K.L.:
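Next up is a structure, given as structure tokens.
Residue numbering restarts at 1 for every chain, and letters A, B, ... go by the order of the sequence lines. This one's a predicted model, so the numbers in the text were calculated from it and none came from an experiment.
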There are 2 protein chains.
Amino acid sequence: MPTEKETEQKIFDAAQKVFQRSGFKGARMQEIADEAGINKSMLHYYYRNKDTLFSTVFQSAAKKIMPRVFGILASESSLREKVVQVVEFYHNAFRENPELPSFVIYEMNHHPQQFKDFIGSMEMHLPETFIEQVEEAVESEELRTITPDQFLMNVVSLCMMPMLARNMVQALFHLTDEEYFSFLDERRQLIPNLIFNGLAL
Amino acid sequence: MPTEKETEQKIFDAAQKVFQRSGFKGARMQEIADEAGINKSMLHYYYRNKDTLFSTVFQSAAKKIMPRVFGILASESSLREKVVQVVEFYHNAFRENPELPSFVIYEMNHHPQQFKDFIGSMEMHLPETFIEQVEEAVESEELRTITPDQFLMNVVSLCMMPMLARNMVQALFHLTDEEYFSFLDERRQLIPNLIFNGLAL
DNA sequence: GTCTATATAACGATAGAC
DNA sequence: GTCTATCGTTATATAGAC
């Protein structure tokens with residue numbers, strides 16, 4: 001006999017799975033109930049409606065990625081170590097949950113008002129230590145001129161794009177699932193090298 | 001009085017707009033009819049059902065991006081010139097139609113079977129001239145060791161990711177629409193530099 | 001070809017018994 | 001809390017007049 005918390009948790013887990021797989025519009029309440037192995041009415045008992053349930057799932061998903069990246073950027077590591085750690089984090093997180101990045105990015109674009117506020121409320125500013133590291137490296141002529149925003153954008157782009165475009169990548173390069181993950185793994189070393197040294201020898 | 005072709009075209013244009021804005025699941029046939037300024041029944045008269053209409057729109061959208069990129073890669077330009085041209089192409093295309101990239105990538109992930117076949121049928125192999133350019137540059141030690149696939153993946157990632165994650169980028173960096181497009185424009189020069197030279201000085 | 005009207009099905013949500 | 005049964009709405013799709 002499941003307790004109240006257990007049922008609520010089962011619903012949340014099922015909703016997470018279905019929303020990530022099908023998106024907000026594509027997800028069916030019945031599908032979530034089936035996934036959770038419970039009655040459809042329970043969804044409305046614990047979460048008032050589809051919007052509320054989705055909002056809970058989305059906010060949880062957003063919190064799984066960005067705060068951890070910002071945590072790395074705020075640490076006391078060197079700039080190069082931070083890049084390595086961010087790259088490793090993205091690739092490990094993708095292994096655990098391949099649909100998470102695509103879900104957050106897409107739904108963010110399709111619920112503009114609602115979740116821009118949410119992201120704002122998380123107070124996600126670039127950590128000062130990271131900003132200073134980039135600015136100092138530029139000033140001391142260790143690095144080319146670049147803003148911290150663009151620096152971070154480059155790292156995140158090189159990590160996430162092959163994850164967001166998984167089917168496109170597999171179709172274009174004719175990769176099996178196994179080959180696709182090998183392709184991603186190659187990038188763990190490739191990305192930090194590219195960021196700092198480019199391709200020129 | 002519109003001719004047959006004109007009505008069919010109006011429906012296609014409206015469907016393109018609505019599907020790109022709302023996605024397949026989110027798009028409503030009524031919404032498309034309103035956008036086209038015609039009766040809902042006409043959608044079924046010219047295109048049998050929602051799936052057929054969507055398929056037409058999606059395939060048209062896919063053909064707007066990838067063949068043009070592959071065209072650049074197959075040209076007789078130098079490797080560096082090709083990178084510049086691809087970057088320019090992506091950024092110009094995004095200005096014309098900001099929702100196109102996100103649409104193609106997302107729907108590709110959510111209609112797996114159907115459109116993997118389609119991409120396969122386009123016979124989109126990496127142009128031989130591009131492959132040879134990368135391999136020769138690596139062999140002659142102009143460039144670090146890298147496969148042509150990874151090389152292309154890097155360029156595309158640096159271009160497209162800030163476009164796919166538009167709302168996330170704007171929320172995180174607190175950018176107005178105008179500032180966001182300036183942010184993108186900075187990347188036209190930044191990306192080729194990063195690809196070849198990295199950040200190290 | 002284009003319209004109105006309607007069939008048919010799916011979905012989110014609620015009422016009410018237990 | 002959990003279930004069954006059902007309401008009310010909204011979708012896609014079709015039938016049939018013009």
Side-chain angles (χ1 to χ4, degrees), chain A residues 1-61 103 106-107 110-115, chain B residues 1-61 103 106-107 110-115:
Chain A
M1 193 62 176
T3 73
E4 183 173 338
K5 276 287 172 202
E6 278 168 349
T7 302
E8 191 172 340
Q9 186 63 39
K10 278 202 301 185
I11 292 174
F12 178 86
D13 293 343
Q16 191 163 44
K17 196 177 294 187
V18 173
F19 276 130
Q20 288 185 15
R21 185 172 55 213
S22 307
F24 174 72
K25 288 285 188 180
R28 303 285 85 126
M29 295 295 270
Q30 183 62 59
E31 199 184 350
I32 296 173
D34 293 346
E35 181 74 41
I38 51 106
N39 192 280
K40 197 178 56 167
S41 300
M42 293 290 90
L43 304 184
H44 294 89
Y45 180 80
Y46 284 98
Y47 304 85
R48 204 172 65 259
N49 51 33
K50 191 182 181 182
D51 283 326
T52 306
L53 181 52
F54 174 79
S55 187
T56 308
V57 168
F58 176 85
Q59 297 190 19
S60 157
F103 170 70
Y106 180 81
E107 299 298 341
H110 287 76
H111 305 258
Q113 204 66 351
Q114 184 177 1
F115 293 116
Chain B
M1 193 64 176
T3 73
E4 184 173 337
K5 275 288 170 200
E6 278 168 348
T7 301
E8 191 171 342
Q9 186 63 39
K10 278 202 301 187
I11 293 173
F12 178 86
D13 293 343
Q16 192 165 43
K17 196 177 294 185
V18 173
F19 277 130
Q20 288 185 16
R21 184 172 55 214
S22 308
F24 174 72
K25 287 287 187 179
R28 302 285 86 127
M29 296 294 270
Q30 184 62 57
E31 197 184 352
I32 295 174
D34 293 345
E35 181 75 39
I38 50 108
N39 191 281
K40 198 178 54 168
S41 300
M42 294 290 89
L43 304 183
H44 293 89
Y45 179 79
Y46 284 98
Y47 304 85
R48 204 172 66 260
N49 51 34
K50 191 182 181 182
D51 283 327
T52 307
L53 181 53
F54 174 79
S55 188
T56 308
V57 168
F58 176 84
Q59 297 190 19
S60 157
F103 170 70
Y106 180 81
E107 298 298 340
H110 287 76
H111 306 257
Q113 204 65 354
Q114 185 176 1
F115 293 116

K.L.:
Closest to the B:Thr7 side chain: D:dA13, C:dT2, D:dT2?
P.N.:
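Given the options D:dA13, C:dT2, D:dT2, the side chain of B:Thr7 is closest to C:dT2.
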K.L.:
Between C1' on C:dG12 and NZ on A:Lys25, what's the gap in Å once rounded to a whole number?
P.N.:
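Roughly 12 Å, once rounded to whole Å.
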K.L.:
List every contact pair, protein side and nucleotides 16-18 of chain C side both N or O, where the distance is under 3.5 Å.
P.N.:
none

K.L.:
Could you tell me if the ring centre of B:Phe19 sits under 6.0 Å from that of B:Phe103?
P.N.:
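Ring-ring flag for B:Phe19/B:Phe103: false, centres at least 6.0 Å apart.
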K.L.:
How close do A:Met29 and A:Asn49 get, counting heavy atoms only, and between which atoms?
P.N.:
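Minimum heavy-atom separation between A:Met29 and A:Asn49: CE-C, 4.3 Å.
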K.L.:
Just the rounded figure in Å: distance from C1' of C:dT2 to CG of B:Leu43.
P.N.:
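After rounding, the gap between these two atoms is 12 Å.
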K.L.:
What is the separation between atom CG on A:Asn49 and atom C1' on C:dC11, rounded to the nearest whole Å?
P.N.:
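Nearest whole value for this atom pair: 14 Å.
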K.L.:
Do you know which two heavy atoms are closest between A:Ala33 and A:Lys40, and how far apart they sit?
P.N.:
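Reported closest heavy-atom pair: CB-CA, 3.7 Å.
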K.L.:
Please list, by residue number, the residues of residues 28-41 of chain B whose heavy atoms come closer than 4.0 Å to an atom of DNA chain C; answer none if no residue qualifies.
P.N.:
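Under 4.0 Å from DNA chain C: B:Asn39, B:Ser41.
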K.L.:
Which atoms form the tightest heavy-atom contact between A:His44 and A:Arg48, and what is the distance?
P.N.:
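Answer, listing the atom of A:His44 first, then A:Arg48: CD2-O, 3.4 Å.
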K.L.:
Could you walk me through whether B:Phe24 and A:Lys25 pass the side chain to side chain contact (heavy atoms under 4.5 Å, CB included) test, one step at a time?
P.N.:
CA-CA 9 Å; B:Phe24 174 72; A:Lys25 288 285 188 180; over 6 Å; no
K.L.:
Can you name the closest pair of heavy atoms from B:Gly23 and A:Tyr106 and give their distance?
P.N.:
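Residues B:Gly23 and A:Tyr106, closest heavy atoms: CA-OH, 3.8 Å.
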K.L.:
Can you name the residues that form a ring-ring contact (aromatic ring centres under 6.0 Å, His included) with B:Tyr47, not counting sequence neighbours?
P.N.:
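ring-ring contact (aromatic ring centres under 6.0 Å, His included) check on B:Tyr47 returns nothing, list empty.
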K.L.:
Measure NE2/B:His44 against P/C:dA5 and give the value in whole Å, please.
P.N.:
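It works out to 18 Å between those atoms.
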K.L.:
Give me the atom names and distance for the closest heavy-atom approach of B:Ala14 to B:Ile32.
P.N.:
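The answer is CB-O, 3.5 Å.
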K.L.:
The side chain of B:Met42 lies closest to which of these nucleotides: C:dT2, C:dG12, D:dC3?
P.N.:
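Nucleotide nearest to B:Met42's side chain: C:dT2.
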K.L.:
Once you round it to whole Å, what is the distance between C1' of D:dT2 and CD1 of A:Ile11?
P.N.:
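Checked: the CD1 to C1' distance equals 11 Å.
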K.L.:
Begin from the C-alpha positions of A:Phe58 and A:His111 and carry the test ring pair (Phe, Tyr, Trp, His ring centres under 6.0 Å) through to its verdict.
P.N.:
CA-CA 11 Å; A:Phe58 176 85; A:His111 305 258; 7.1 Å; no
K.L.:
Just how far, in rounded Å, is C1' of C:dC11 from NZ of A:Lys50?
P.N.:
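Interatomic distance, NZ of A:Lys50 to C1' of C:dC11: 8 Å.
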K.L.:
Round to a whole Å and report the spacing from OH of B:Tyr46 to P of C:dC3.
P.N.:
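The answer, rounded to whole Å, is 10 Å.
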